[in-house]
Amino acid sequence: MNYWLIKSEAEMYSIDDLERDKIISWEEIRNYQARNYMRQMKTGDLLLFYHSMSNPTGVAGIAKVASPIHADQSQFDTASEYFDPKATSDSPIWECVDVQFVEKFAHTVSLESIKADALLDGMLVRARGSRLSVQPVSHAHFEHIVGLGQKKN
DNA sequence: GCCAACGTTGGC
DNA sequence: GCCAACGTTGGC
């Protein structure tokens, strides 16, 4: 079992949207490194759901991988801004997994508190200028974030 | 809204 | 294959 962090702009698609939808294809990722990490995902892997461009930014809950990697349908959709003319159904360029809601935290674990916590040293999301929207997370970091998010205060 | 950091593109 | 120009991300 592996652990990951996925980012979403909170105003575009938040943990509340995922709670409502239950499960969606995590489409529209157009970054090779992020795609390559998604290719490594296995059904059942757990995901920290991170809100970017929000107040506060941070981890808002947990999701899980609910399908094997598959073609991102938006690359074939000429009406989509994510349409890719170089992609064909025989050789898709962009891929994604399905993501299923698990839980929303009692409170968001803010980036500020993540940066301040020595137990989270080395988390990629703390890196200055980190723009990667799909990142691996260690088991220890995952468990610690979940503990912080579930804590009542 | 600003802007630094980063990824991608394309000319050569 | 270099690298400047450009577009995007994302914290603040």
Side-chain angles (χ1 to χ4, degrees), chain A residues 2-21 24-41 45-65 69-99 101-138 140-142 144-151 153:
Chain A
N2 287 306
Y3 302 87
W4 313 88
L5 178 148
I6 60 173
K7 292 184 190 173
S8 184
E9 293 189 30
E11 289 189 13
M12 295 291 295
Y13 196 84
S14 71
I15 190 79
D16 296 312
D17 294 317
L18 185 62
E19 183 169 21
R20 179 198 63 218
D21 292 341
I24 60 154
S25 284
W26 202 247
E27 294 186 338
E28 303 179 351
I29 304 295
R30 293 293 180 272
N31 172 285
Y32 287 105
Q33 207 175 345
R35 182 203 65 183
N36 292 341
Y37 280 132
M38 283 197 291
R39 284 179 170 174
Q40 296 174 36
M41 290 180 180
D45 281 2
L46 290 171
L47 308 163
L48 296 175
F49 194 101
Y50 182 92
H51 284 169
S52 62
M53 309 297 276
S54 73
N55 187 22
T57 63
V59 179
I62 308 172
K64 68 180 177 184
V65 177
I69 191 83
H70 58 80
D72 176 334
Q73 296 303 310
S74 66
Q75 70 193 310
F76 308 127
D77 179 1
T78 54
S80 169
E81 65 175 300
Y82 295 94
F83 174 69
D84 189 329
K86 295 190 291 294
T88 66
S89 54
D90 283 341
S91 60
I93 296 171
W94 305 108
E95 297 176 297
C96 61
V97 295
D98 292 353
V99 168
F101 178 79
V102 174
E103 79 174 64
K104 179 183 178 180
F105 285 159
H107 58 93
T108 295
V109 181
S110 69
L111 179 60
E112 184 183 16
S113 62
I114 290 171
K115 285 181 172 174
D117 193 331
L119 290 176
L120 298 173
D121 282 354
M123 265 194 91
L124 290 176
V125 76
R126 298 198 340 182
R128 178 176 161 79
S130 168
R131 292 170 43 178
L132 192 56
S133 59
V134 177
Q135 314 178 348
V137 174
S138 74
H141 288 165
F142 180 89
H144 188 59
I145 293 273
V146 171
L148 294 173
Q150 292 175 341
K151 193 162 58 183
N153 64 355

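Proteins come first, then strands; the chains are lettered A, B, ... in the order of their sequence lines, and each starts at number 1. Only heavy atoms go into these numbers, but all of them, side chains included; no hydrogens, no water, no symmetry mates.
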- Query: Just wondering, do A/H141 and A/Y3 contact through their side chains at under 4.5 Å, heavy atoms?
  - Reply: no
- Message: A side-chain contact here means heavy atoms from C-beta on lying under 4.5 Å apart; do A/C96 and A/H70 qualify?
- Response: yes
- Of A/K86 and A/R131, the one whose nearest nucleotide on DNA chain B sits closer to the 5' end is A/R131
- Query: Would a 4.5 Å heavy-atom cut-off, applied to side chains only, mark A/M38 and A/I69 as touching?
  - Reply: yes
- Query: Which parts of residues 69-79 of chain A get close to DNA chain C, meaning a heavy atom less than 4.0 angstrom away?
  - Reply: none
- Check DNA chain B against residues 55-63 of chain A and give the residues with a non-hydrogen atom under 4.0 Å, in numerical order. none
- Task: Decide ring-ring contact (aromatic ring centres under 6.0 Å, His included) for A/W94 and A/Y32; before the verdict, give the C-alpha distance in whole Å, the side-chain angles of both, and the deciding distance to 0.1 Å.
- Result: CA-CA 8 Å; A/W94 305 108; A/Y32 287 105; 4.7 Å; yes
- Note on the structure: Sorted by chain and residue number, the side chain to side chain contact (heavy atoms under 4.5 Å, CB included) partners of A/L132 (sequence neighbours excluded) come out as A/N31, A/Q33, A/A34, A/Y37, A/Q135
- First locate atom CG of A/N2, then atom CG of A/L46, and finally report the distance between them rounded to the nearest 0.5 Å. 10.0 Å
- Query: With a 4.5 Å heavy-atom cut-off, do A/S74 and A/R30 have their side chains touching?
  - Reply: yes
- Task: State, yes or no, whether a side-chain contact exists between A/I62 and A/F105 at a heavy-atom distance under 4.5 Å.
- Result: yes
- Message: Run the ring pair (Phe, Tyr, Trp, His ring centres under 6.0 Å) test against A/F76 and tell me which residues pass, sequence neighbours left out.
- Response: none
- Polar side chain donor-acceptor pair, A/Y82 to A/D72, under 3.5 angstrom: no
- Exactly one of A/Q75, A/R35, A/R39 clears side chain to side chain donor-acceptor pair (under 3.5 Å) with A/E95, and that residue is A/R39
- Message: Distance under 4.0 Å to a non-hydrogen atom of chain A counts as contact; along DNA chain C, which nucleotides mark the start and end?
- Response: C/dG7 to C/dC12
- List in numerical order all residues of residues 110-122 of chain A for which some heavy atom is under 4.0 Å away from an atom belonging to DNA chain C. A/L111, A/K115
- Does some side-chain heavy atom of A/D16 sit less than 4.5 Å from a side-chain heavy atom of A/K104? yes
- Message: Here's a test of your reading of the structure: between A/R128 and A/M53, which maps to the more 5' nucleotide of DNA chain B?
- Response: A/M53
- With the side chain counted from C-beta on, respond yes when A/V125 and A/K7 share a heavy-atom pair under 4.5 Å apart, and no when they do not. yes
